[in-house]
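Taking it in order: structure first as structure tokens, then the write-up.
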Amino acid sequence: MFIALQKSLNTIWGVKPKPKSEIVKMIKDRIFYLGLILMIGFLLLMSLVLTTFITATTDWIGLHFPNIVIYVIQAVNFILSFGLTTVLFAMIFKILPDIKMNWKNVWLGAFVATILFSIGKSTLGIYFGMVNLESTFGAAGSVILILLWVSYSSLILFFGAEFTQVLALKYGSGIKPTSYAEKVS
């Protein structure tokens, strides 16, 4: 999965590894990137779980606390989740492909990807908070929705990368391959 994601992002950015690039550097980078991807995936999954938990416990919180507490919890959850997701998308767009690019070119693409990702995550969080998992179709429907969420997240990631690439080429400082990559002709 890691190699496929890096190759896909390299394709979007129009670069490819040099045939005779440094093997040790590539191995070190791939280990670093693998750890980065695992960390990002874990944090995004925890964000979805937290949103689902908050949605599922909203009724209980409403019975025991004033309604303002619900709004504060949801606002804090949204702000933290949105900020974390923006940073994570920016890290993917900046660090994972074999390119050199300024951080300022990455932030708008990460912001747009985060908006779209948050819409999908919130919608699924609402569904998971309201679904009856004891019914026959509840559990099967949840599995299908998790697969749908993974697919949606992948599409948003690639859309954000394309959006960032267009911004960098049109309004930013451009795209430069790293020392062990080259532009595709």
Side-chain angles (χ1 to χ4, degrees), residues 1-51 78 80-125 144-185:
M1 178 186 88
F2 162 72
I3 293 170
L5 180 59
Q6 186 176 33
K7 284 182 180 180
S8 297
L9 290 173
N10 281 342
T11 300
I12 289 170
W13 290 101
V15 297
K16 67 179 182 178
K18 288 181 182 176
K20 296 182 179 181
S21 60
E22 301 172 21
I23 299 296
V24 174
K25 177 145 178 53
M26 282 180 50
I27 291 172
K28 286 167 106 177
D29 286 346
R30 290 193 181 210
I31 290 171
F32 171 75
Y33 295 151
L34 177 61
L36 178 70
I37 293 298
L38 291 175
M39 178 189 71
I40 288 169
F42 176 75
L43 290 173
L44 291 177
L45 183 62
M46 288 300 104
S47 176
L48 176 66
V49 168
L50 179 63
T51 300
F78 179 77
L80 288 176
S81 177
F82 194 86
L84 175 69
T85 306
T86 303
V87 169
L88 293 176
F89 275 125
M91 288 173 54
I92 289 173
F93 298 156
K94 168 76 170 136
I95 297 172
L96 192 59
D98 295 324
I99 60 166
K100 296 177 191 173
M101 184 175 46
N102 294 332
W103 278 101
K104 67 179 184 171
N105 296 332
V106 173
W107 289 113
L108 185 57
F111 182 76
V112 169
T114 302
I115 289 172
L116 296 172
F117 179 80
S118 295
I119 290 169
K121 185 184 76 152
S122 298
T123 304
L124 286 176
I144 290 170
L145 281 175
I146 288 172
L147 293 174
L148 179 66
W149 178 71
V150 169
S151 175
Y152 179 79
S153 299
S154 300
L155 290 172
I156 294 306
L157 175 76
F158 291 133
F159 176 79
E162 286 281 353
F163 187 80
T164 304
Q165 185 238 14
V166 168
L167 284 174
L169 290 175
K170 189 160 182 135
Y171 302 110
S173 61
I175 301 167
K176 297 173 185 105
T178 59
S179 61
Y180 56 93
E182 61 189 9
K183 283 195 174 246
V184 176
S185 301

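Only this structure's heavy atoms are used, side chains among them; waters, hydrogens and symmetry mates stay out.
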Subject >> Side-chain heavy atoms of I175 within contact of L169, under 4.5 Å >> reply: yes

Subject >> Minimum heavy-atom distance between T164 and A110, given as atom pair plus value >> reply: OG1-N, 4.2 Å

Subject >> Minimum side-chain heavy-atom gap L116-Y152 below 4.5 Å >> reply: yes

Subject >> Taking every non-hydrogen atom, the tightest pair across I92 and P97 >> reply: O-CD, 3.2 Å

**OP:** Search all heavy atoms of A168 against all heavy atoms of M101 and return the closest pair with its distance.
**Re:** CB-SD, 3.7 Å

**OP:** Output the distance between atom NZ (K104) and atom OH (Y171), rounded to the nearest 0.5 Å.
**Re:** 14.5 Å

Original post:
Under 6.0 Å between the ring centres of F82 and F111?
Top reply: yes

Original post:
Would you call the rings of F117 and F89 parallel, tilted or perpendicular if under 30° counts as parallel and over 60° as perpendicular?
Top reply: perpendicular

**OP:** Taking the side chain as every heavy atom from C-beta outward, state whether L108 and F163 have any atom pair closer than 4.5 Å.
**Re:** yes

Subject >> Side chains of N10 and K16 in contact at under 4.5 Å (non-hydrogen atoms) >> reply: no

Original post:
Which distance, rounded to the nearest 0.5 Å, do you find between the CG of L88 and the CZ of F42?
Top reply: 12.0 Å

Original post:
Do I99 and L9 have side chains that get closer than 4.5 Å, going by heavy atoms?
Top reply: no

**OP:** Considering non-hydrogen atoms only, spot the tightest contact between A90 and W103 and give its length.
**Re:** O-CZ3, 3.7 Å

Subject >> Within-4.5 Å side-chain heavy-atom neighbours: K183 and W13 >> reply: no

Subject >> Where G160 and F93 come nearest, the two heavy atoms and their spacing >> reply: C-CZ, 3.4 Å

Original post:
What pair of heavy atoms forms the shortest contact from I12 to Q165, and how long is it?
Top reply: O-NE2, 3.2 Å

Original post:
Are side-chain heavy atoms of I115 and I119 found at a separation under 4.5 Å?
Top reply: yes

